There are 2 protein chains.
Amino acid sequence: MAIFSKTCEYAMRAVFYVAQRSHEGYKVGIKEIAGHINSPEPFLAKILQQLSRDGVILSTKGPNGGFYFDAASLNRPLADVVTAIDGDDIFTGCGLGLTYCSESNPCPLHEEFKKVRNQITHMLHTTTIGKFNLGLIKGKFTLNK
Amino acid sequence: MAIFSKTCEYAMRAVFYVAQRSHEGYKVGIKEIAGHINSPEPFLAKILQQLSRDGVILSTKGPNGGFYFDAASLNRPLADVVTAIDGDDIFTGCGLGLTYCSESNPCPLHEEFKKVRNQITHMLHTTTIGKFNLGLIKGKFTLNK
DNA sequence: ATGATAAAAGACAAAAATATCTTTTATTGT
DNA sequence: ACAATAAAAGATATTTTTGTCTTTTATCAT
Ligand code: FES
Ligand code: FES
């Protein structure tokens, strides 16, 4: 078990890679993305399709087509990607799996778990899709391996 | 997606319930546990079997048998339960799903994700299995619904 | 207009997580 | 010893997640 589903992990890695390439002025095809984030190509295609339907990522078909972000999209929070793929369980769900998290009828972990959830929420809302573009170009971060 | 697997959520809820009953001096059967934490009975049986094999929970067969904790076990951290069920991915894994988390070759989320992971680790290590016994007896917490 | 390109959509397949059922083994009280 | 109880173990079933393959649709360059 990890914090995010495998699908969501691929989605975030792909989004960071496409953001970097958009910053450099390129659109990117599935093949290139899959290669650079080390993901199964057809599976990633499905994931990006979903992000595209949800309006998180932009795409055009045909020659010189591919996935990309415009300036506005680059400023959207990573939380949008997570919500599109994993829903909002991670932002609102109970740590012990109760059907809903409640202040008035809390599970034992509630107080401590709330802090964890808040930190995750903070991380995902303060991290924009384009935040790491320069770092990625400089090679400071990795997205594969 | 949640932080813990469904299996692990049931495990933690069950452990808290059994701890409370142990504190009150009782052993508990699967049926009673499943009823109080709202989990599928045969599935929970499998989960507790695994915890028993791993030495996290104690059990005896036969009449008046059931699951229970001794004083020493009540002081073990909840982390032991999580590790037994979900492994240590949550404590050490990369937030973007890279095969391992590394300081020298980090993913973009590494710095922020480390904080989240550390808080989860802290929560699970400072929370003992018996920590909520009095609160549970007083009805301050819920484990079902 | 036409052919080439690349994503979208749909159908399908494999693997893992979740859940159930049946049989066996250990313990207890009589 | 024996019957009753309750967990352990093993086999099986279902659902969800992960992954693949094929066909269709949109866009571009000529
Ligand atoms: S009730 Fe469980 S985390 Fe809030
Ligand atoms: S490398 Fe991704 S969290 Fe450390």
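Since we're looking at a predicted model, the values are computed, not measured. Protein chains get the first letters and strands the later ones, always in sequence-line order, with residue 1 at the start of each.
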Review point. Under a single-linkage rule joining Ile, Leu, Val, Met, Phe, Trp and Tyr whose side-chain heavy atoms are separated by less than 4.5 Å, which residues share a cluster with Y68(A)?
Key: L58(A)
Exercise for review: Check DNA chain D against residues 42-63 of chain A and give the residues with a non-hydrogen atom under 4.0 Å, in numerical order.
Suggested key: P42(A), F43(A), K46(A), K61(A), G62(A), P63(A)
Review point. According to a strict under-4.0 Å criterion, is N64(B) in side-chain N/O contact with OP1 or OP2 of dT27(C)?
Key: no
Exercise for review: State which residues pass side chain to side chain contact (heavy atoms under 4.5 Å, CB included) with T7(B); sequence neighbours excluded, sorted by chain then number.
Suggested key: S5(B), F43(B), I47(B), I85(B)
Point to revise | Interatomic distance where CD belongs to E32(A) and C1' belongs to dT5(C) [whole Å] | key: 15 Å
**Study point:** Residues which pass salt bridge (Lys or Arg N to Asp or Glu O under 4.0 Å) with K115(A), listed by chain and number, not counting sequence neighbours
**Key:** E112(A)
Exercise for review: Can you sort out the partners of S102(A) under side chain to side chain contact (heavy atoms under 4.5 Å, CB included), two or more places apart, ordered by chain and number?
Suggested key: Y100(A), S104(A), N105(A)
Practice item. Could I get the full list of side chain to side chain contact (heavy atoms under 4.5 Å, CB included) partners for A34(B), not counting sequence neighbours? Key: S39(B), E41(B), L44(B)
Review point. Does anything in residues 14-36 of chain B pair up under salt bridge (charged side-chain N to carboxylate O under 4.0 Å, His left out), and if so which pairs, sequence neighbours excluded?
Key: R21(B)-E24(B), R21(B)-E32(B)
Study note, to complete from the structure: The first and last nucleotides of DNA chain D lying within contact of chain A, meaning any atom under 4.0 Å from one of its heavy atoms, run from dT18(D) to dA29(D)
Review point. Can you name the salt bridge (Lys or Arg N to Asp or Glu O under 4.0 Å) partners of K6(A), sequence neighbours left out?
Key: E9(A)
Exercise for review: Let me see the working for N144(B) and T142(B) under side-chain hydrogen bond (donor to acceptor under 3.5 Å, both in side chains), right down to the final yes or no.
Suggested key: CA-CA 6 Å; N144(B) 50 18; T142(B) 182; 3.2 Å; yes
Exercise for review: Check salt bridge (Lys or Arg N to Asp or Glu O under 4.0 Å) between D80(B) and all other residues, then give those that pass, not counting sequence neighbours.
Suggested key: R76(B)
**Study point:** Qualifying residues under ring pair (Phe, Tyr, Trp, His ring centres under 6.0 Å), relative to F4(A), sequence neighbours excluded
**Key:** none
**Study point:** Residues touching DNA chain D, which here means a heavy atom under 4.0 Å, drawn from residues 4-16 of chain A
**Key:** S5(A), K6(A), T7(A), Y10(A)
